[in-house]
Q: 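Before I ask anything, let me first share the structure, which is written out below as structure tokens.
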2 protein chains.
Amino acid sequence: MKTRLLLVDDHAVVRSGLRMLLENEGDVEIIGEAGTAAEALASAADLKPDVILMDIGLPDKSGIEATREIKAQFPAVAIVALTIHEDEEYFFKMLEAGASGYVPKRAAPEELLTAIRAAAHGEVYLYPSMAKLLVRDFLVSEPTDKNLSSRKDLTDREHEVLTHLAEGENNEEIAKALVISPKTVARHRENIMHKLNLHSRAELVRYAIRKGIIKA
Amino acid sequence: MKTRLLLVDDHAVVRSGLRMLLENEGDVEIIGEAGTAAEALASAADLKPDVILMDIGLPDKSGIEATREIKAQFPAVAIVALTIHEDEEYFFKMLEAGASGYVPKRAAPEELLTAIRAAAHGEVYLYPSMAKLLVRDFLVSEPTDKNLSSRKDLTDREHEVLTHLAEGENNEEIAKALVISPKTVARHRENIMHKLNLHSRAELVRYAIRKGIIKA
DNA sequence: ATCAGCATGGGGTATTCACCCCATATAAAT
DNA sequence: ATTTATATGGGGTGAATACCCCATGCTGAT
């Protein structure tokens, strides 16, 4: 029994390349292609594929959204993300959306095939660089470990200020605690935010908790 | 530069087989073998391997314990579990112990090599059936779905608003998301703060993370 | 029928925040 | 010796926040 596959990518050339690559394998049959999320949803309904190979960058809506919608309507279909994105955010969101695999486009063809086969068997293939992120998440969300490192470019003073910021103190309170001017606290806060690419105290709190700088 | 590998398994035959299998590859060099956890620890200290292939069932103590001890002393070495066990408990414990990969003994030789190479590059290879378990853990520990427990006096709507607040969104963004006026968002926020006796968005974020309403 | 709770919003105000400008002093790095 | 990074602070601006006032519907329980 061949795995019935639906290709979703907005570039026809990419789809053709994948078709060439995958149809050489005996156990994969490409039953359809889609260039947009809407087409993907329609094709999923029509063709009932076993596995969908899903790009994230689609013209109408993201492959993440498309995955979420397809999985909501057809939970049985396994969806493998094939994308240029290798950052944690897309990866985790794709998992939450229900993906059964995540493969960067730079991966070797065999890895894509492994992912498709794993998905067809109800299992999950994660590219090693992605698996690493998930394990890291697993470890930090485990109450066992102590988060010693992972503190970026922050100076000692900035780190100290961040601790107070994350506790919910305002500039004046922090200034009093550190015996400096509120203006200096504000300055440190600006530098911290710039370094970490955060833009509000709420985000600072989350960051600090995630990094184990303070306890929730 | 070849990957310097240490084999740990209590069966000499298995070690020999692995040696045959792996030394055929150009990029792997087996620099030692160990049949017990104690030998493994000693060899790790002596040989400073890049990667250790670790069985879990060892005569003196478990490969999980051995992994934990080796990682404590030599954090740089990457340890790949190669075992007959495919249940969640061993798998998760091995991850907590610091493993960079998990491969069942029934896996194909190429998968073992993939795992070794990933580990040598600081990444993580998880066999698909194991990756599935980790993703499932990720999803259940995700507070994205309705966290109906542990929520005190908050109404459904307030709880919904709190979720967005804790994500760091401002009133306008939340209003857009919930299709209500920013003024209503502000009203809900006031009620939430009053009910919980909190007085800033930063405190709301902490509260939400502590209660598991959002993930840090 | 009334009342409490909930969700919805409009107004206002003082404070804080986020983000710019600027400067000075010290210490480490080149 | 000059640059670079760090820590310190002052000024200013527009936006957002935290906290009040008020009101209108709608539900469900008494």
Q: Measure from the side chain of Thr155(A), starting at C-beta and using heavy atoms only, and say which of dC20(C), dT6(D), dA7(C) lies closest.
A: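 The closest nucleotide is dT6(D).
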
Q: If the condition is side chain to side chain contact (heavy atoms under 4.5 Å, CB included), which residues does Arg4(A) pass it with, not counting sequence neighbours?
A: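 Side chain to side chain contact (heavy atoms under 4.5 Å, CB included) list for Arg4(A), sorted by chain: Glu29(A), Ile31(A), Asp50(A).
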
Q: Side chain to side chain contact (heavy atoms under 4.5 Å, CB included) between Thr36(B) and Leu58(B): does it pass, once the steps are laid out?
A: CA-CA 6 Å; Thr36(B) 66; Leu58(B) 297 176; 5.8 Å; no

Q: Would you please name every residue forming a ring pair (Phe, Tyr, Trp, His ring centres under 6.0 Å) with Phe91(B), sequence neighbours left out?
A: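 Residues passing ring pair (Phe, Tyr, Trp, His ring centres under 6.0 Å) with Phe91(B): Tyr102(B).
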
Q: Whole-Å distance between dA16(D) C1' and Met193(A) CE?
A: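 Going from Met193(A) (CE) to dA16(D) (C1'), I get 12 Å.
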
Q: Measure NE2/His188(B) against P/dG9(C) and give the value in whole Å, please.
A: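 Rounded to the whole Å, the gap is 8 Å.
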
Q: Please list, pair by pair, any protein nitrogen or oxygen found under 3.5 Å from a nitrogen or oxygen in nucleotides 24-30 of chain D.
A:
none

Q: Heavy atoms from C-beta onward define the side chain here; which of dT8(D), dA18(C), dC17(C) lies closest to that of Ser200(A)?
A: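 The answer is dA18(C).
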
Q: On the side chain of Glu190(B), is there an atom forming a donor-acceptor pair with the base of dC20(D) - under 3.5 Å, no angle test?
A: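 Yes.
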
Q: Please determine if Lys176(B) and Glu173(B) form a salt bridge, counting it only when a charged side-chain N lies under 4.0 Å from a carboxylate O.
A: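 No, Lys176(B) and Glu173(B) are not salt-bridged.
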
Q: What pairs with His85(A) under ring pair (Phe, Tyr, Trp, His ring centres under 6.0 Å), at least two apart in sequence or on another chain?
A: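 If we apply the ring pair (Phe, Tyr, Trp, His ring centres under 6.0 Å) test to His85(A), skipping adjacent residues, the hits are Tyr90(A).
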
Q: Nearest 0.5 angstrom please: Asp87(B) CG to Lys93(B) NZ, how far?
A: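 The distance works out to 9.5 Å.
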
Q: If we ignore hydrogens and angles and just use 3.5 Å, is the side chain of Lys105(A) paired with the main-chain N or O of Leu82(A) as donor and acceptor?
A: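 It does not hold such a pair.
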
Q: How close or far is atom C1' of dC19(D) from atom CG of Leu204(B), stated in whole angstroms?
A: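 It works out to 14 Å between those atoms.
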
Q: Ignoring backbone atoms, establish whether Arg201(A) has a side-chain N or O less than 4.0 Å from OP1 or OP2 of dA18(C).
A: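 So the side-chain polar atoms of Arg201(A) do come within 4.0 Å of the phosphate oxygens OP1 or OP2 of dA18(C), strictly under.
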
Q: Sequence neighbours left out, what passes side chain to side chain contact (heavy atoms under 4.5 Å, CB included) with Arg157(B)? Give chain and number order.
A: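 Partners of Arg157(B) under the side chain to side chain contact (heavy atoms under 4.5 Å, CB included) test: Thr155(B), Glu160(B), Leu178(B), Ile180(B), His188(B).
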
Q: Considering every strand and a 4.0 Å limit on heavy-atom distances, what is the contact class for His199(A): base, sugar-phosphate, or nothing?
A: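 Here His199(A) touches the backbone only, sparing every base.
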
Q: Look at Glu190(A) together with Arg187(A) and state whether they make a salt bridge at an N to O cut-off of under 4.0 Å.
A: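 A salt bridge links Glu190(A) with Arg187(A).
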
Q: Could you list the donor-acceptor pairs under 3.5 angstrom formed between side-chain atoms of residues 122-129 of chain B and any protein atom two or more places apart in sequence or on another chain?
A:
unit_1, atom_1, unit_2, atom_2, d
Tyr125(B), OH, Glu111(B), OE2, 3.4
Tyr127(B), OH, Arg106(B), NH1, 3.1

Q: Rounding to a whole Å, what distance do you find between Leu154(B):CG and dG5(C):C1'?
A: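 Distance, rounded to whole Å: 14 Å.
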
Q: Find the bend of the helix from dA1(C)-dT30(D) to dT30(C)-dA1(D) as the angle between its two terminal axes (five pairs each), to the nearest 10°.
A: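 The end-segment axes of the helix from dA1(C)-dT30(D) to dT30(C)-dA1(D) are tilted 40° relative to each other.
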
Q: Quick one: Arg157(A) CZ to dG9(D) C1', roughly how many Å, whole number?
A: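 Between C1' of dG9(D) and CZ of Arg157(A): 13 Å.
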
Q: Could you state the CZ-P distance from Arg189(A) to dC17(C), rounded to the nearest angstrom?
A: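 Result: 8 Å.
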
Q: Within residues 171-186 of chain B, find the residues that approach DNA chain C with a heavy atom at under 4.0 Å, and present them sorted by residue number.
A: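 Close to the strand are Ile180(B), Ser181(B), Lys183(B), Thr184(B).
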
Q: Does dC19(C) have OP1 or OP2 sitting under 4.0 Å from an N or O in the side chain of His194(A)?
A: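 Checking dC19(C) against His194(A), no side-chain N or O comes under 4.0 Å of OP1 or OP2.
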
Q: Under the ring-ring contact (aromatic ring centres under 6.0 Å, His included) rule, what pairs show up with a residue in residues 56-83 of chain A, not counting sequence neighbours?
A: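 Those involving residues 56-83 of chain A do not exist here.
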
Q: Check the distance between dG11(D)'s P and Arg187(A)'s CZ and give it to me in whole angstrom.
A: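 The answer, rounded to whole Å, is 15 Å.
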
Q: What residues form a salt bridge (Lys or Arg N to Asp or Glu O under 4.0 Å) with Arg206(A), not counting sequence neighbours?
A: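 Arg206(A): salt bridge (Lys or Arg N to Asp or Glu O under 4.0 Å) contacts with Glu167(B).
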
Q: Could you check how far CD1 of Ile192(A) sits from C1' of dC17(C), rounded to whole Å?
A: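 For the pair Ile192(A) CD1 and dC17(C) C1', the rounded distance is 14 Å.
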
Q: What string of B, S and - do you get for nucleotides 24-30 of chain C, 5' to 3', when a contact is any protein heavy atom under 4.0 Å?
A: -------

Q: Tell me every residue that passes side chain to side chain contact (heavy atoms under 4.5 Å, CB included) with Leu198(A), counting only those two or more places apart in sequence or in another chain.
A: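 Scan of Leu198(A) (side chain to side chain contact (heavy atoms under 4.5 Å, CB included), adjacent residues dropped) gives Leu196(A), Glu203(A), Leu204(A), Tyr207(A).
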
Q: State, with a plain yes or no, whether a side-chain heavy atom of Asp55(A) is found less than 4.5 Å away from one of Val8(A).
A: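 Contact flag for Asp55(A)/Val8(A) side chains = no.
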
